[in-house]
Amino acid sequence: MIRALFICGKARRRSPTAAQVFATWSDVRTDFGGVSRDADDVLSADQLDWADQIFVMEQRYAKRLQEQFGHALRGKRVINLAIRDEFAFMDAHLIEALIQKVGPHLRQGKKS
């Protein structure tokens, strides 16, 4: 089973969409969070510890993640999806972009 964590700023559109989409894949468990103080679901160190794979929607969130949780990232790979904040929650174009960019990582990282 793969535990995939999706991170964006406010955890309102992109990361919850990703978590919902990939939660339907077999052998994948998902979670999401935001690195902004006013995020709907603020990211925690426990979530980072839980995750096998960490996905950020933009490079700026990787930087904030390092600033806020550098200690919790030791040995973790952070994958930048480069998906800008221009989609609504569960937007078809967002889902398509997520499947194209995340799908290969989940298939390659599959654990027995």
Side-chain angles (χ1 to χ4, degrees):
M1 176 181 348
I2 297 172
R3 295 178 304 243
L5 177 62
F6 299 96
I7 300 168
C8 62
K10 296 186 179 188
R12 293 186 183 142
R13 299 186 297 209
R14 292 172 292 172
S15 61
T17 295
Q20 189 168 327
V21 166
F22 295 106
T24 66
W25 287 32
S26 65
D27 295 328
V28 176
R29 299 294 173 260
T30 63
D31 200 0
F32 68 95
V35 291
S36 295
R37 282 177 280 200
D38 62 341
D40 287 356
D41 291 283
V42 177
L43 184 68
S44 73
D46 287 340
Q47 288 172 291
L48 294 167
D49 186 50
W50 167 87
D52 295 320
Q53 296 191 17
I54 300 169
F55 299 93
V56 294
M57 297 297 159
E58 296 179 59
Q59 183 59 36
R60 63 185 168 147
Y61 301 127
K63 289 178 185 176
R64 283 193 199 167
L65 189 61
Q66 183 63 43
E67 290 168 1
Q68 294 175 14
F69 297 100
H71 60 283
L73 293 174
R74 289 191 193 113
K76 301 279 184 171
R77 181 172 173 222
V78 177
I79 301 160
N80 176 16
L81 299 174
I83 297 177
R84 298 183 58 123
D85 190 12
E86 56 191 25
F87 302 99
F89 175 69
M90 295 303 287
D91 181 280
H93 296 291
L94 173 57
I95 292 169
E96 181 180 327
L98 288 164
I99 290 171
Q100 286 179 340
K101 293 182 178 202
V102 175
H105 292 284
L106 295 181
R107 287 183 194 103
Q108 289 174 356
K110 196 167 190 175
K111 296 180 177 183
S112 302

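Since this is a predicted model, take the numbers as computed values, not measurements.
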Straight-line distance of Thr17 OG1 to Leu94 CG, nearest 0.5 Å = 5.0 Å
Do Val35 and Gln68 have side-chain heavy atoms sitting under 4.5 Å apart?
-> yes
Does the Arg13 side chain pair with the main chain of Phe87, one donor and one acceptor, at a distance under 3.5 Å?
-> yes
Do side-chain atoms of Arg14 reach the backbone of Ile83 as a donor and acceptor pair under 3.5 angstrom?
-> yes
Under-4.0 Å salt bridge between Lys10 and Asp40 | no
May I ask you to decide if the ring planes of His105 and Phe55 are parallel, tilted or perpendicular, using 30° and 60° as cut-offs?
-> perpendicular
Nearest heavy-atom pair of Val21 and Thr24: which atoms, and what distance?
-> O-OG1, 2.7 Å
Side-chain donor/acceptor of Ser15 to backbone N/O of Ile7, under 3.5 Å | no
Calculate, to the nearest 0.5 Å, the distance between atoms CD and NZ belonging to Gln59 and Lys63 respectively.
-> 6.0 Å
Begin with the C-alpha distance, continue with both residues' side-chain angles, and end with the deciding distance and a verdict on side-chain contact (heavy atoms from CB on, under 4.5 Å) for Ile79 and Ile54.
-> CA-CA 6 Å; Ile79 301 160; Ile54 300 169; over 6 Å; no
Derivation of the side-chain contact (heavy atoms from CB on, under 4.5 Å) call for Gln53 and Arg77 | CA-CA 7 Å; Gln53 296 191 17; Arg77 181 172 173 222; over 6 Å; no
side-chain contact (heavy atoms from CB on, under 4.5 Å) assessment of Leu73 paired with Val78 | CA-CA 8 Å; Leu73 293 174; Val78 177; 4.2 Å; yes
When you look at Phe22 and Leu98, which way does the side-chain contact (heavy atoms from CB on, under 4.5 Å) test go after all the steps?
-> CA-CA 9 Å; Phe22 295 106; Leu98 288 164; 4.0 Å; yes
Separation of Leu5 CG from Lys76 NZ (nearest 0.5 Å) = 8.5 Å
Taking atom types as modelled and ignoring hydrogens, do the side chains of Ser36 and Arg64 form a donor-acceptor contact shorter than 3.5 angstrom?
-> yes
Measure the acute angle between the ring planes of Phe69 and His71, then classify it against the limits of 30° and 60° as parallel, tilted or perpendicular.
-> tilted
Name of the residue among Asn80, Leu43, Val56 meeting side-chain contact (heavy atoms from CB on, under 4.5 Å) with Tyr61 | Val56
Report yes or no: does Gln47 contribute a side-chain atom to a donor-acceptor pair with the main-chain N or O of Asp31 at less than 3.5 Å?
-> no
Under 4.5 Å between side-chain heavy atoms, hopping through other hydrophobics if needed: is there a path connecting Val42 to Phe6?
-> no
Can you find a heavy atom in the side chain of Glu58 that is under 4.5 Å from one in the side chain of Asp85?
-> yes
Which atoms form the tightest heavy-atom contact between Ala39 and Gly34, and what is the distance?
-> CB-CA, 3.8 Å
Just by modelled atom types, is the Glu96 backbone N or O under 3.5 Å from a matching donor or acceptor in the Lys101 side chain?
-> no
Just by distance, do the side chain of Asp52 and the backbone of Arg3 share a donor-acceptor pair under 3.5 Å?
-> yes
Minimum heavy-atom distance Ala72-Leu48, with the two atoms named = CB-CD1, 4.1 Å
